[in-house]
Amino acid sequence: MKVSKISILLYFLKLRFSRMFSSHRVSRPMKKNWSKILSSSQFYREILKSNRKFPIMNKALFMENFDSINTVGLKKEEVLNLAFESEKTRDFSPSINNISIGLSSGTSGNRGIFLTSKKEQAIWVGAILDRVIGFSFRRRKIAFFLRANNNLYEAAKTGLLSFTFFDLKTPIEQHIKILKELKADILVGQPSVLVAIAKNYQSEKIKPTFDKIISVAEVLEDDHKEFLRSIFNCPINQVYQCTEGFLAYTCKHGQLHLNEDWLEIEKKYLDSEKTRFHPVITDYLRSSQPIVRYELNDILHEGTTCSCGARSTVIRKIEGRSDDVFRFFQNEKEVIIYPDFIRRTIILASGKITNYTATLTDERTICMYLEVEETSELPAVFKVVKFEIQRMLSEFGVDDIDIVKIDKKQDPMTKFTRIKNEYSKSI
């Protein structure tokens, strides 16, 4: 059963209207309809009956109550079995009772499932057409490089849009010839993959055909964004999307806006200056799998009002996940170092660095991976970076941290994370 093109057009027009006239708030009719949806969820029906406040949800709690939260009668075991089978066979078309199943890559430590009905697929496609791809009567080809295909992406195919899925299990180099011959108009992928494609285009002197690059799945670092722009010579847009939904898009002025015409965002501030916060989201369009007061562990920085005209909240920066904040104990006191401090220290240490990662592997060790313009300069650059990181940590009162140089190759099937805390996840 395919998604109705009329439904897609209808939701495209609805969402275009709401973006233009009520981009910063959820409408009353939407809230009223959402209350009816919640009554179909056993978990939330009990809360509604007792007039209790909705609890703050996270991935572990959500998965624990999956069977009673979803409104379509699916059981976690059967859904996971189908999702794992799809991962093994690389056939992502099967569904259960016309409900498509997706599996998150589990960067926060727990596997996540997302369910989408035909109606939700139509809404998603309408939203992506309005805010990401852009509507056009011109036929366009879209190439997307992702860990897994999904019926959600297949639903976006129309007479004016054709999608080609490139499986990341296949080496990027093998895809380049097909991508070149495809002459795609839009390229979609995670930043680490987009950079690998750009390097291939650069080395093989391939002339890009893209009108737009869309970054998904990972944090788009500023240096990666500039490199992609220099190679592809077109706008580099970012989509902030996760298992929990399509959260934000890049406007025509290059700013990342939250979709507050269907999302209600509570801000859980992480510091006294109120510069960083976790978003606690309620999605008024999700029906098969209600998302209610769901706290993400992404660290967001709020920006100023955008001149594009949309009044929705601007996200100036996605700093990373709270799981990857570095935590040290010095004199029986916990010291927190946010990813931004580490990023800035490394970037300012040397202009010769082209790529890097920093991973906390135990309570006193940071493993560093560095790429530089000239391989022969790596030892000297690492020495400077090591000194600067230790100096920065010392300013926070953290001493005797060992900085170790490692060699590491990025696995395209995993999300690229520049600043990572593996120690806190293992204890």
Side-chain angles (χ1 to χ4, degrees), residues 1-4 7 34 36-49 54-125 128 144 146-157 163 165 167-169 216-217 241-247 281-297 413-415:
M1 181 180 173
K2 292 185 178 180
V3 177
S4 163
S7 295
W34 175 77
K36 293 177 183 175
I37 290 168
L38 282 194
S39 64
S40 300
S41 164
Q42 180 190 338
F43 183 90
Y44 287 112
R45 184 167 60 244
E46 297 303 318
I47 296 172
L48 286 169
K49 279 181 184 177
F54 296 120
I56 297 239
M57 188 66 64
N58 58 35
K59 188 172 284 186
L61 185 59
F62 191 94
M63 292 299 289
E64 183 184 328
N65 294 280
F66 178 85
D67 293 1
S68 62
I69 288 176
N70 83 80
T71 64
V72 289
L74 294 184
K75 303 299 181 185
K76 182 169 72 172
E77 186 177 352
E78 66 174 329
V79 169
L80 281 174
N81 287 341
L82 178 65
F84 287 137
E85 184 63 26
S86 293
E87 291 280 344
K88 268 195 243 174
T89 62
R90 311 307 290 165
D91 177 9
F92 300 98
S93 61
S95 61
I96 303 175
N97 299 330
N98 286 322
I99 301 294
S100 291
I101 314 297
L103 190 69
S104 79
S105 53
T107 53
S108 60
N110 298 286
R111 286 282 189 177
I113 301 168
F114 56 95
L115 310 177
T116 51
S117 64
K118 294 301 175 186
K119 178 182 176 181
E120 288 169 309
Q121 288 179 31
I123 292 170
W124 183 85
V125 174
I128 292 297
F144 63 110
L146 296 172
R147 181 189 59 80
N149 198 355
N150 184 268
N151 290 339
L152 192 61
Y153 305 118
E154 293 299 312
K157 290 182 177 179
F163 281 73
F165 169 64
D167 194 332
L168 289 181
K169 273 212 162 179
V216 298
Q241 179 171 290
C242 53
T243 312
E244 294 71 38
F246 173 26
L247 306 181
I281 63 173
T282 297
D283 189 328
Y284 288 90
L285 288 180
R286 293 288 286 274
S287 55
S288 56
Q289 186 179 15
I291 301 295
V292 184
R293 300 196 75 210
Y294 195 112
E295 181 179 345
L296 301 178
N297 64 353
M413 293 296 287
T414 63
K415 289 184 180 180

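Note that the numbering runs from 1 along the sequence shown for the chain. On a predicted model such as this, the values are computed, not experimentally measured, just so you know.
Annotation: side chain of Leu115 is in contact with side chain of Phe66 (closest heavy-atom distance under 4.5 Å). Contact check for Leu74 versus Ser288: no side-chain heavy atoms found under the 4.5 Å cut-off. For the pair Val292 and Trp34, the minimum side-chain heavy-atom distance is below 4.5 Å. Between Ile113 and Met63, the closest side-chain pair of non-hydrogen atoms falls below 4.5 Å.
Remark: Lys75 pairs with Asp67, Glu78 by the side-chain contact (heavy atoms from CB on, under 4.5 Å) rule, at least two apart or across chains. Legend: residues meeting side-chain hydrogen bond (donor to acceptor under 3.5 Å, both in side chains) with Ser41, ordered by chain and number and at least two apart, are absent. In this view, Arg293 and Glu266 satisfy the side-chain hydrogen bond (donor to acceptor under 3.5 Å, both in side chains) rule, not counting sequence neighbours. Residues forming a side-chain hydrogen bond (donor to acceptor under 3.5 Å, both in side chains) with Tyr284 (at least two apart in sequence, or on another chain): Glu264. Residues passing the side-chain contact (heavy atoms from CB on, under 4.5 Å) test with Glu46, sequence neighbours excluded: Lys49. Partners of Phe62 according to the ring pair (Phe, Tyr, Trp, His ring centres under 6.0 Å) rule, which considers only residues two or more places apart in sequence or in another chain, are Tyr294. With sequence neighbours excluded, the residues forming a side-chain contact (heavy atoms from CB on, under 4.5 Å) with Leu48 are Leu38, Phe54, listed by chain and number. Residues passing the side-chain contact (heavy atoms from CB on, under 4.5 Å) test with Glu64, sequence neighbours excluded: Leu61.
The CZ atom of Arg45 sits 9.5 Å away from atom OG of Ser68, with the distance rounded to the nearest 0.5 Å. The distance from the CG atom of Leu296 to the CD1 atom of Ile281 is 4.5 Å, given to the nearest 0.5 Å. The line from CD1 of Ile101 to CD1 of Ile96 is 4.5 Å long, rounded to the nearest 0.5 Å. Atom OH of Tyr44 is separated from atom CE of Met57 by 3.5 Å, given to the nearest 0.5 angstrom. The OG1 atom of Thr71 lies 12.5 Å from the CD atom of Gln42; values are rounded to the nearest 0.5 Å. From Ser7, atom OG reaches atom CD of Gln121 across 11.0 Å, with rounding to the nearest 0.5 Å.
Using the six-membered ring where Trp is involved, Phe144 and Phe165 have ring planes that are tilted, between 30° and 60° apart.
Under a 3.5 Å cut-off, the side chain of Glu120 and the backbone N or O of Ser287 do form a donor-acceptor pair.
Between Ile37 and Arg286, the shortest heavy-atom contact is CG2-O, 4.2 Å.
Just one of Val72, Thr116, Val79 meets the side chain to side chain contact (heavy atoms under 4.5 Å, CB included) condition when paired with Ile99; it is Val72.
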